[in-house]
Amino acid sequence: MVGLSGGVDSAVAAYLLKQAGHEVIAAYMRNWDSLANNDFLGNPYQGPLCPQEADYEDAKKVAEKLGIPLFRVDFIEEYWNDVFLYFIKEYQSGRTPNPDVFCNKYIKFDAFWKFALTHQVDYMATGHYARYENGELRKARDLTKDQSYFLSLLTHEQLSRTLFPLGNLLKKEVRQIASSIGLNVANKKDSTGICFIGERHFRQFLQNYIPAQPGEIIDIERHEVVGQHYGVMYYTLGQRKGLGIGGIKNHQKGSWFVVGKNIEKQELYVVQGDESEWLYHECATITSFQWLGNFKLEVGQTYGVKFRYRQPDIPIKVIEVLSNSIVVESFYPVRAITPGQIAVLYQDEVCVGAGIIDSVAKKG
RNA sequence: UGGGGUAUAGCCAAGCGGUAAGGCACUAGACUUUGACUCUAGCAUCUCCCUGGUUCGAAUCCAGGUACCCCAG
């Protein structure tokens, strides 16, 4: 069973599986209901035109074109309970979660799989750009579209029952295939924003679930108030936009960036200029760490790590291994390593482990 | 109510007679299956606190007014 989103990637994935001789069925998932979920503020799609229904129509056309049956399934409650509540809780505690990683873990590769099982399938498949070969999760051939980052918290069991038909293709090739077989979505723009929710004005979106709590923005170097914020939970480390801090007398030119926050005091800490020491760290404690490698994880080993999606691999050394967490140290300062985000360890192309960034520190 | 200083876009700020730099913020777009970062573009055209005056021409000079700041009382 293939998860058809209405986009070009999953459509081509389904096509390729069918071409390969698999018996393919598909399902369109809908996991977010703006009305039921009070998704009002910051939602650009007010009114009757619902992008999800447009996507469903696209998926139907794709299924029809490919001659495969298309089911429709909702995991709105599961998404809310397993992904969104966690998402909100993290923001409330001042962290910056990555909901899509958990959406994969609990919805796409769990709830969806259970649904697929009711149709007696052997495998599920998605349009992710990633590879799972010989028990190893690997980056996609198209490194610019590689999505192994988002799959890094899956288990071997989840990965081994999944096919990734796009793992060895370039995005460009996927679009060419879609075009060559006349798929309606061949030139459809890639979707962005939180999976199943979509593009939102983020601060306003959060305000639907976390009430505003305005407070002071403080220059952490001079201990001066330089502005007012809407609520510390709406900002993330390294953030520039949305601070609204203009020119200030006797200050140099330059933008301001978030470097910290105090939930209790509702204070947001910032620095001017993107070269401030406050923005950079080398050490990170990674909790809920899951090891995917087929050898032993030990102190002293070096890997490449992504502290956020699409970040080039950063060389790090493992300096501590605990039962459920590890501590790593990069060989050079890294900007805005952010608690709540997922840190993924790679050994070249192989994803060997991942966990949640819990805290960061300067070297030494 | 003596003296001095400043008044330029939301903020900081160039310009000192020749027809409004720059930065920040903001907005839009690009990038992006999280949030960010980044990049590109836009952003004072009866306008430079107000009113007169000098001049071919003023934000720039002069006079008066208004507001705020500082030092003295």
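Side-chain atoms are counted along with the backbone in the values below, which use heavy atoms only and exclude waters and symmetry mates. Everything quoted here is computed from the prediction, not taken from an experiment. Each chain gets a letter, A, B and so on, in the order the sequences are listed, and its residues count up from 1.
In this structure, A:K241 has no salt bridge (Lys or Arg N to Asp or Glu O under 4.0 Å) partners at least two apart in sequence or on a different chain. For A:R203, the salt bridge (Lys or Arg N to Asp or Glu O under 4.0 Å) test picks out no residue, with sequence neighbours left out. By the side-chain hydrogen bond (donor to acceptor under 3.5 Å, both in side chains) test, A:Y303 pairs with A:Q301, sequence neighbours left out. In this structure A:R175 satisfies the side chain to side chain contact (heavy atoms under 4.5 Å, CB included) test together with A:V8, A:K171, A:D190, sequence neighbours excluded. Qualifying salt bridge (Lys or Arg N to Asp or Glu O under 4.0 Å) partners for A:D58, counting only residues two or more places apart in sequence or in other chains: A:K188. With sequence neighbours excluded, the residues forming a salt bridge (Lys or Arg N to Asp or Glu O under 4.0 Å) with A:R335 are A:D274, listed by chain and number.
Within residues 329-358 of chain A, the residues approaching RNA chain B are A:R335, A:T338, A:Q341, by heavy-atom distance under 4.0 Å. Within residues 147-171 of chain A, the residues that have a heavy atom under 4.0 Å from RNA chain B are, in order of number, A:F150. Taken residue by residue, residues 258-281 of chain A places no heavy atom nearer than 4.0 Å to RNA chain B. For the segment residues 239-248 of chain A, the set of residues with a heavy atom within less than 4.0 Å of an atom of RNA chain B comprises A:Q239, A:R240, A:K241, A:G242, A:L243, A:G244, A:I245, A:G246, A:G247, A:I248, in numerical order.
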Could you summarise the pairing of RNA chain B as dot-bracket text, marking Watson-Crick and G-U pairs under 3.5 Å with ( ) or [ ] inside the strand and | across strands?
.(((((((.[[[..)..(...]]].(((((.......)))))......[[[[[..)....]]]]]))))))..
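In 5' to 3' order, the nucleotides of RNA chain B bounding all contacts with chain A (an atom under 4.0 Å from a heavy atom) are B:G10 to B:U38.
For A:R72 and A:E53, the salt-bridge test passes: some basic side-chain N is under 4.0 Å from an acidic carboxylate O. Classification of A:E64 and A:K61 as a salt-bridged pair fails, no side-chain N sitting under 4.0 Å from a carboxylate O. Here A:R95 pairs with A:E90 in a salt bridge; the nearest charged N to carboxylate O distance falls below 4.0 Å.
Within the 4.0 angstrom heavy-atom criterion, base atoms lie near A:T236.
Relative orientation of the A:W32 and A:Y79 rings is perpendicular, given thresholds of 30° and 60° on the angle between their planes. The aromatic rings of A:F75 and A:F115 lie perpendicular to each other, with more than 60° between the two planes, well past the 30° mark.
Within a 6.0 Å radius of CG in A:N187, no more than 12 heavy atoms belonging to other residues, nucleotides or ligands are found.
The distance between the ring centers of A:Y209 and A:Y91 does not fall below 6.0 angstrom.
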